[in-house]
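Okay, so here's the structure we're looking at.
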Amino acid sequence: MTEYGGKGGDGASDRPKTDGSGTEGSTTTYRRTFLKGSAAAIGASTIPVSAVRASEAEQENRAERQAVTDAGTEGMVSSVHPRATEAGADVLQEGGNAIDAAVAVQFALNAVQPHSSGIGGGGFMLVYVAEEDELYSIDNRERAPLGATADMFLNDEGEPIPFEERITLGEAVGVPGTLRACDVALKRFGTRDLSELIAPGIELASGACPVTVDEPLATAIAEEQRKFNDAAQSVFAPGGEPLEAGDELVQPALADTFRQIKEEGIGPFYKGDIATATAEVVQEHGGSMTADDLARYNVTIDHPDVGEYGDLTVRTQSLPSSGGLTIAQILQLLEAFDLGQYERRSAETYHALIEAFHLAYADRGEYMGDKALVDAPWQGLLDEEYVDQRRSLIGFESAGLAGVEPGDPWAYQPGDPYRVSAATDDASENETSKRTASPFRSDLGQTTHFTTADSDGNLVSWTSTIEQFFGTGIMVPDHGFMLNNELTDFDAEPGGPNEVEPTKRPLSSTSPTIVFKEGEPFMTVGSPGGKTIITTVSQIVLNVAEFGMSVPEAIAEPRIYADVDPAVMWEEGVSSEGRQRLGELGHEIEQESTPLGNAQAILVRDGEYLGVADGRRDGSVIGL
Ligand code: GLU
């Protein structure tokens with residue numbers, strides 16, 4: 001094993017120069033058409049990995065992922081579905097801004113991929129307002145209802161209810177925030193009315209604009225059918241027959257709900273008949289949510305966390321998402337290694353990544369929760385001395401940090417915490433304990449990320465979710481939308497910063513990100529993937545900042561994942577020799593590969609946008 005060259009965080013003198021577009025130092029030529037029509041641009045151009053990194057990709061074979069890209073000067077939309085991207089592009093085309101377009105994309109996604117996000121869920125929306133040169137986050141994370149209790153996921157024996165059961169319970173449903181976010185975002189930053197932006201969603205849900213079931217939706221229906229209540233069953237598996245790819249998807253109840261919102265605004269959803277129907281079905285499934293919980297719901301507007309890597313400033317959602325702090329810590333841990341001196345796919349690079357992930361996830365699990373109710377050592381976690389101390393645990397000759405204990409960032413945090421311990425467990429104050437987190441396998445990529453840009457330079461980076469595919473499987477009868485199971489992101493066992501409390505938001509990993517370079521917006525990026533979102537976004541930033549990759553290359557590059565536990569997941573393209581070497585170092589490398597994440601990004605360069613959609617799942621980009 002080669003020794004790491006430490007450069008003490010003084011910048012990357014030898015880093016390959018990149019502007020992120022792949023147009024310098026790369027053999028790739030990007031299409032530079034400026035598309036005014038939207039439909040014509042769907043799936044506009046594809047950049048096979050093999051074209052941009054031919055020799056490596058050939059050696060590693062099978063890594064034939066394709067990043068879908070398009071360029072434009074007047075605007076950009078990147079999402080997982082062509083109809084949703086088209087809805088956003090149409091708004092931009094008609095003079096709407098990036099915030100307007102993002103709201104249209106969200107409603108369209110609810111109609112065409114109802115298993116991934118929708119008005120029954122929540123998320124985090126980053127908005128860069130060019131005129132103010134200011135970045136905001138509209139935190140629309142679901143909240144626990146007032147009747148929620150710390151032990152609501154325990155059975156009579158005091159043991160956590162098995163995860164597969166927990167995810168279907170009424171107790172798992174958080175008070176949804178997505179619709180409130182649409183409303184607040186438009187009132188604060190938009191130029192169009194919600195009634196206008198919901199129109200494509202109505203067309204798509206009603207069948208006026210025919211929609212067929214795509215592969216991801218068909219797979220999700222087949223896998224999750226067991227969770228469906230009668231209302232969901234009648235839409236997605238009528239007569240017990242699950243819809244298949246290519247079947248027509250018509251959701252009249254959802255279309256009616258959208259029509260009601262178009263006519264009456266969000267009032268009925270939070271304070272009217274839809275709120276009553278939501279509370280009723282949640283209670284039928286054992287939850288405590290009342291119409292009052294919906295009436296009380298509001299979003300918060302925050303400023304995202306700040307991480308640095310070289311000349312990039314990485315701004316990502318703050319707590320209750322662990323994304324911002326954890327990505328910032330991972331990047332800080334890694335920067336001093338000057339990894340650019342190694343091959344991206346070398347054992348040295350993977351080893352450093354895995355050990356940094358172990359360290360960062362140990363702290364994540366110990367210290368993070370909803371900032372409104374528990375304190376976290378924000379500055380301590382990113383304190384230079386603290387991170388240096390943690391980094392010094394990384395050995396060069398062998399793996400050693402699986403299961404590592406969290407550090408003590410409180411020792412580096414100025415001021416007294418207002419509350420460290422969980423509300424129900426004073427005895428646990430300042431203890432380092434290992435709590436039971438959500439089982440990992442059920443937490444993989446069941447969400448959606450989309451991003452928009454407009455001709456004024458405004459940007460949106462929005463990760464939206466109902467947690468697992470189809471959430472709880474509970475559809476609100478006669479209203480046609482699925483209810484999330486986001487509250488399973490809380491620890492099932494009481495006694496830590498992420499225990500269940502009324503009005504609290506469960507700890508998230510979602511990491512909608514906007515990266516700045518020399519103070520100017522440089523790129524947006526984000527991904528689904530549960531806890532893997534953090535390592536996906538970290539690796540994409542690292543690929544650009546340290547390894548000089550273009551954004552499409554950075555997204556296509558095979559990823560790895562580890563948290564505090566020993567298991568290391570990897571994607572095809574990570575060579576068998578590399579895995580063997582990592583195994584020899586002592587890492588526990590999984591036998592089979594696993595696809596990790598599905599990123600959407602926009603690169604901003606010289607007044608031009610390059611939109612990128614991950615090739616791991618179908619993505620669609622339209623530049624204007
Ligand atoms: N519930 C997850 C979180 O907030 C997101 C869902 C996923 O991507 O799997 O971290």
Side-chain angles (χ1 to χ4, degrees), residues 79-80 109 113-118 120-126 137-144 153 163 166-168 172-178 181 216 219-220 223-224 316-327 360-361 364-365 368-371 437-450 461-472 482-492 497-498 500 504-513 525-538 559 561 563 569 594-600 614 616-617:
S79 88
V80 290
L109 281 173
Q113 291 211 338
H115 59 298
S116 283
S117 73
F124 299 96
M125 176 189 194
L126 256 58
S137 148
I138 300 178
D139 176 335
N140 54 106
R141 185 70 164 165
E142 300 91 329
R143 292 175 182 275
F153 290 129
F163 191 72
R166 218 187 302 158
I167 57 174
T168 64
V173 184
V175 184
T178 299
T219 308
E223 285 175 2
E224 307 295 337
T316 307
Q317 179 60 42
S318 61
L319 293 170
S321 179
S322 57
L325 282 174
T326 312
I327 289 172
Y361 277 86
R364 174 193 182 275
M368 298 189 195
D370 182 351
K371 62 177 174 276
S438 302
F440 180 73
R441 293 283 170 195
S442 313
D443 184 29
L444 208 55
Q446 309 184 338
T447 293
T448 199
H449 182 80
F450 50 97
S461 182
W462 189 343
T463 310
S464 183
T465 182
I466 51 174
E467 169 45 10
Q468 298 206 304
F469 285 148
F470 291 109
T472 47
M482 302 304 301
L483 289 173
N484 70 83
N485 51 10
E486 214 72 49
L487 302 193
T488 57
D489 278 353
F490 281 121
D491 294 344
N498 188 35
V500 184
K504 196 176 181 181
R505 296 163 293 190
L507 187 66
S508 173
S509 302
T510 50
S511 308
T513 297
V525 64
S527 172
K531 282 194 283 181
T532 72
I533 295 170
I534 289 168
T535 55
T536 289
V537 172
S538 300
R559 303 192 263 262
Y561 171 80
D563 50 38
M569 300 169 79
T594 309
L596 296 167
N598 183 48
Q600 316 289 326
D614 206 321
R616 286 164 177 80
R617 297 185 211 162

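Quick caveat, the model's predicted, so the values are computed rather than measured. Order of listing sets the numbers, starting from 1, for every ligand and every atom in it. Computed from heavy atoms alone, side chains included, the values below leave out hydrogens, waters and symmetry copies.
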### Message
Looking only at the side chains, is there a donor atom on one of Thr513 and Thr316 sitting less than 3.5 Å from an acceptor on the other?
### Response
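Indeed, the side chains of Thr513 and Thr316 share at least one donor-acceptor pair under 3.5 Å.
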### Message
Can you confirm whether the side chains of Ser509 and Arg364 place a donor and an acceptor under 3.5 Å from each other?
### Response
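Note: Ser509 and Arg364 side chains meet the donor-acceptor criterion.
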Which of the numbered atoms in ligand 1 are below 4.0 angstrom from a heavy atom of [X]?
X: Ser509; answer: 3 (C), 4 (O), 10 (O)
X: Asp489; answer: 1 (N), 2 (C), 3 (C), 4 (O), 10 (O)
X: Ile533; answer: 8 (O)
X: Glu486; answer: 1 (N), 2 (C), 4 (O)
X: Gly530; answer: 7 (C), 8 (O), 9 (O)

### Task
Just say parallel, tilted or perpendicular for the rings of Tyr561 and Tyr361, cut-offs at 30° and 60°.
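Geometry flag for Tyr361 against Tyr561: perpendicular rings.
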### Query
Quick one: does Ser527's side chain have a donor or acceptor within less than 3.5 Å of a partner on Asn598's backbone?
yes
### Task
Would you check if the side chain of Glu486 reaches a backbone N or O of Glu467 as a donor-acceptor pair within less than 3.5 Å?
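Yes, because the side chain of Glu486 sits within donor-acceptor range (under 3.5 Å) of the backbone of Glu467.
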### Task
Return a yes/no value for Glu467: is any of its N or O atoms, backbone included, closer than 3.5 angstrom to an N or O of ligand 1?
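By distance alone, the answer is yes.
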### Validation row: Ser464, Thr178 side chains within 4.5 angstrom (heavy atoms)
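In contact.
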### Message
With a 4.0 Å cut-off on heavy atoms, is Arg141 in contact with ligand 1?
### Response
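Yes, Arg141 has a heavy atom closer than 4.0 Å to ligand 1.
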With a heavy-atom distance limit of 4.0 Å, tell me whether [X] approaches ligand 1 through its side chain, its backbone, both, or neither.
X: Lys531; value: neither
X: Arg505; value: neither
X: Thr510; value: both

### Query
Shortest non-hydrogen contact from Pro506 to Asp489?
CB-CB, 3.7 Å
